[in-house]
**Student:** 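The structure that follows is given in the form of structure tokens.
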Amino acid sequence: MASIATSFVVIVTMLVSAVAVASESNMLQDVCVADLSNGIAGEIFKVDDAWVNGYTCKDSTQVTPQDFYYQGLASASAAASNTSTGAVVTGATVEKLPGLNTLGLSMSRIDYAPNGLNPPHIHPRASEIIFVLEGQLYVGFVTTAGKLVAKYINKGELFVFPKGLLHFQKNIAKSAPASVIAAFDSQLPGTQSLVSSLFGALPEDILVKSFQFKPKQVMRIKSRYQPKK
């Protein structure tokens, strides 16, 4: 009985310790500018007794204002009309703005050609909120119960996409472009496109069985999406 009680105390102590470490959300240093040449995003490492999830920190003596500055979202991308879906996403994540490292936030700008679509996708590590700079869009997400939550939104309005849920945005104007600014609660939210992930990665027999398509139909779609290496 004493052995069982002792084991129980040890397990509880370990759980409490783990929760204490995991729940420490405040930075214990002023900044941790990402050293993009050293380490991989998502690596968990220790800095001055603080566990950090992100890139390793750049030497503080080498930090410059440029590490906290990015002008890539200042103007609309002219390339939207040249893409297959009519939309271009310009990200401002830790990979382009090293000062975001460990701060748990990032932004992007999405520009849409007339009738352009940001196809269904998910962000596995972040919720997203968009602000319409120009135009009118039809936007929405799908819950795990399969319910579509969608709405038409206009210039100056906001819409939120919960973390990890499939979502999309479409410019409903047939002759005018549209633009939004998106904010995320992760310095590297990640993006997984539904169609390209399914047809670019999964084997033919899995897709045939899942969608009840004929093999030729599956191969025709797969030919448009090259598998990632």
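Note that the numbering runs from 1 along the sequence shown for the chain. Being a predicted model, the structure only gives us computed values, none of them experimental.
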**Student:** Of the non-hydrogen atoms in Gly91 and Ser108, which two are nearest, and what is the gap between them?
**Tutor:** CA-CB, 3.9 Å
**Student:** Under the 3.5 angstrom rule, does the side chain of Asp111 hit a backbone N or O of Ser77 as a donor-acceptor pair?
**Tutor:**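 Here the side-chain-to-backbone pair exists.
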**Student:** Restricting to non-hydrogen atoms, name the atom on Ala92 and the atom on Ser106 that form the minimum distance, rounded to 0.1 Å.
**Tutor:**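 So the minimum-distance heavy-atom pair works out to O-CB, 3.3 Å.
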**Student:** Quick check for you: to the nearest 0.5 Å, what is the distance between Leu133 atom CG and Lys155 atom NZ?
**Tutor:** 8.5 Å
**Student:** Which pair of heavy atoms, one from Leu100 and one from Val94, lies closest together, and at what distance?
**Tutor:**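 Scanning both residues completely, I find the closest heavy atoms to be CD1-N, 3.9 Å.
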**Student:** Do Leu105 and Asp185 have side-chain heavy atoms sitting under 4.5 Å apart?
**Tutor:** no
**Student:** Without swapping roles, check the side chain of Ser223 against the backbone of Arg220 for a donor-acceptor pair under 3.5 Å.
**Tutor:** yes
**Student:** Leu117 and Ile153: same hydrophobic cluster, using ILVMFWY side-chain contacts below 4.5 Å?
**Tutor:** no
**Student:** Please enumerate all residues that pass salt bridge (charged side-chain N to carboxylate O under 4.0 Å, His left out) together with Arg125, with sequence neighbours excluded.
**Tutor:** none
**Student:** When you measure from the side chain of Asn171 to the backbone N and O of Ala176, does any donor-acceptor pair fall under 3.5 Å?
**Tutor:** yes
**Student:** What heavy-atom pair brings Arg109 and Leu73 nearest, and what distance separates the two atoms?
**Tutor:**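 Shortest heavy-atom separation between Arg109 and Leu73 comes out as NH1-O, 3.1 Å.
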**Student:** Would you mind telling me which of Thr85, Asn118, Asn115 makes a side chain to side chain contact (heavy atoms under 4.5 Å, CB included) with Lys170?
**Tutor:** Asn115
**Student:** Pick out which of Val180, Thr191, Ile110 makes a side chain to side chain contact (heavy atoms under 4.5 Å, CB included) with Val89.
**Tutor:**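 Only one option passes, and that is Ile110.
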**Student:** Do the side chains of Val142 and Val160 join up, straight or via other hydrophobic residues, at under 4.5 Å, putting them in one cluster?
**Tutor:**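 Result: no, two separate clusters.
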**Student:** Quick check: does any side chain N or O of Gln62 sit under 3.5 Å from a backbone N or O of Asp59, one acting as donor and the other as acceptor?
**Tutor:**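 Such a contact is absent between Gln62 side chain and Asp59 backbone.
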**Student:** In the structure I gave you, are the side-chain heavy atoms of Val63 and Thr61 within less than 4.5 Å of one another anywhere?
**Tutor:**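 Val63 vs Thr61: side chains apart.
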**Student:** Who pairs with Lys58 by salt bridge (charged side-chain N to carboxylate O under 4.0 Å, His left out), at least two apart in sequence or on another chain?
**Tutor:**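 Residues passing salt bridge (charged side-chain N to carboxylate O under 4.0 Å, His left out) with Lys58: Asp67.
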**Student:** Given the side-chain rings of Phe168 and Tyr138, with only the six-membered ring counted for Trp, is the space between their centroids under 6.0 Å?
**Tutor:**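 Centroid distance Phe168-Tyr138: below 6.0 Å, so yes.
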**Student:** Keeping Ser196 on the side-chain end and Gly200 on the backbone end, is there a donor-acceptor pair under 3.5 Å?
**Tutor:**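 Checked: no pair found.
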**Student:** Would a distance-only check, ignoring hydrogens and angles, find a side-chain to backbone donor-acceptor pair under 3.5 Å from Asn101 to Tyr55?
**Tutor:**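 Looks like yes, one N/O pair under 3.5 Å.
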**Student:** Taking the side chain as everything from C-beta on, heavy atoms only, tell me whether Tyr152 gets closer than 4.5 Å to Leu137.
**Tutor:** no
**Student:** Output a table of donor-acceptor pairs, distance under 3.5 Å, between side-chain atoms of residues 201-215 and any protein atom two or more places apart or on a different chain; print 'none' if there are none.
**Tutor:**
residue, atom, partner, partner atom, Å
Ser210, OG, Ile206, O, 2.7
Gln212, NE2, Lys209, O, 2.7

**Student:** With rounding to the nearest 0.5 angstrom, report the OG1 to CG distance, Thr93 to Leu188.
**Tutor:**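 Thr93 OG1 to Leu188 CG: 5.5 Å, rounded to 0.5 Å.
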**Student:** Which heavy atom in Leu103 sits nearest to a heavy atom in Gln187, and how many Å separate them?
**Tutor:** N-OE1, 3.8 Å
**Student:** Going through the distances and angles, do Thr90 and Tyr70 end up as a side chain to side chain contact (heavy atoms under 4.5 Å, CB included)?
**Tutor:** CA-CA 11 Å; Thr90 305; Tyr70 181 64; 4.0 Å; yes
**Student:** I want to check something: taking the side chain as every heavy atom from C-beta on, are Val149 and Leu165 in contact at a cut-off of under 4.5 Å?
**Tutor:** no
**Student:** Determine whether Cys57 and Asp35 make a side-chain contact, defined as any pair of heavy atoms from C-beta on separated by less than 4.5 Å.
**Tutor:**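 With C-beta onward as the side chain, the pair stays apart.
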**Student:** Can you tell me if Ser193 uses its side chain to pair, donor with acceptor, with the backbone of Ser197 under 3.5 Å?
**Tutor:** no
**Student:** Grouping I, L, V, M, F, W and Y whenever their side-chain heavy atoms are under 4.5 Å apart, do Ile172 and Val132 come out in a common cluster?
**Tutor:** no
**Student:** Could you tell me how the ring of His167 sits relative to the ring of Phe161: parallel (under 30°), tilted (30 to 60°) or perpendicular (over 60°)?
**Tutor:**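 His167 and Phe161: parallel rings.
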**Student:** Can you measure from CZ (Phe131) to CD1 (Ile181) and round to the nearest 0.5 angstrom?
**Tutor:**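 Reported to 0.5 Å precision, the distance equals 9.0 Å.
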**Student:** Which pair of heavy atoms, one from Val218 and one from Phe199, lies closest together, and at what distance?
**Tutor:** O-CD2, 4.4 Å
**Student:** Determine whether Met219 and Lys216 make a side-chain contact, defined as any pair of heavy atoms from C-beta on separated by less than 4.5 Å.
**Tutor:** no
**Student:** Is a donor from one side chain sitting under 3.5 angstrom from an acceptor on the other, for Gln169 and Tyr112?
**Tutor:**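 Judged by distance alone, the side chains do pair up.
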**Student:** Is it the case that the ring center of Phe184 lies less than 6.0 angstrom away from the ring center of His123?
**Tutor:**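 Yes, the ring of His123 comes within the 6.0 Å limit of the ring of Phe184, centre to centre.
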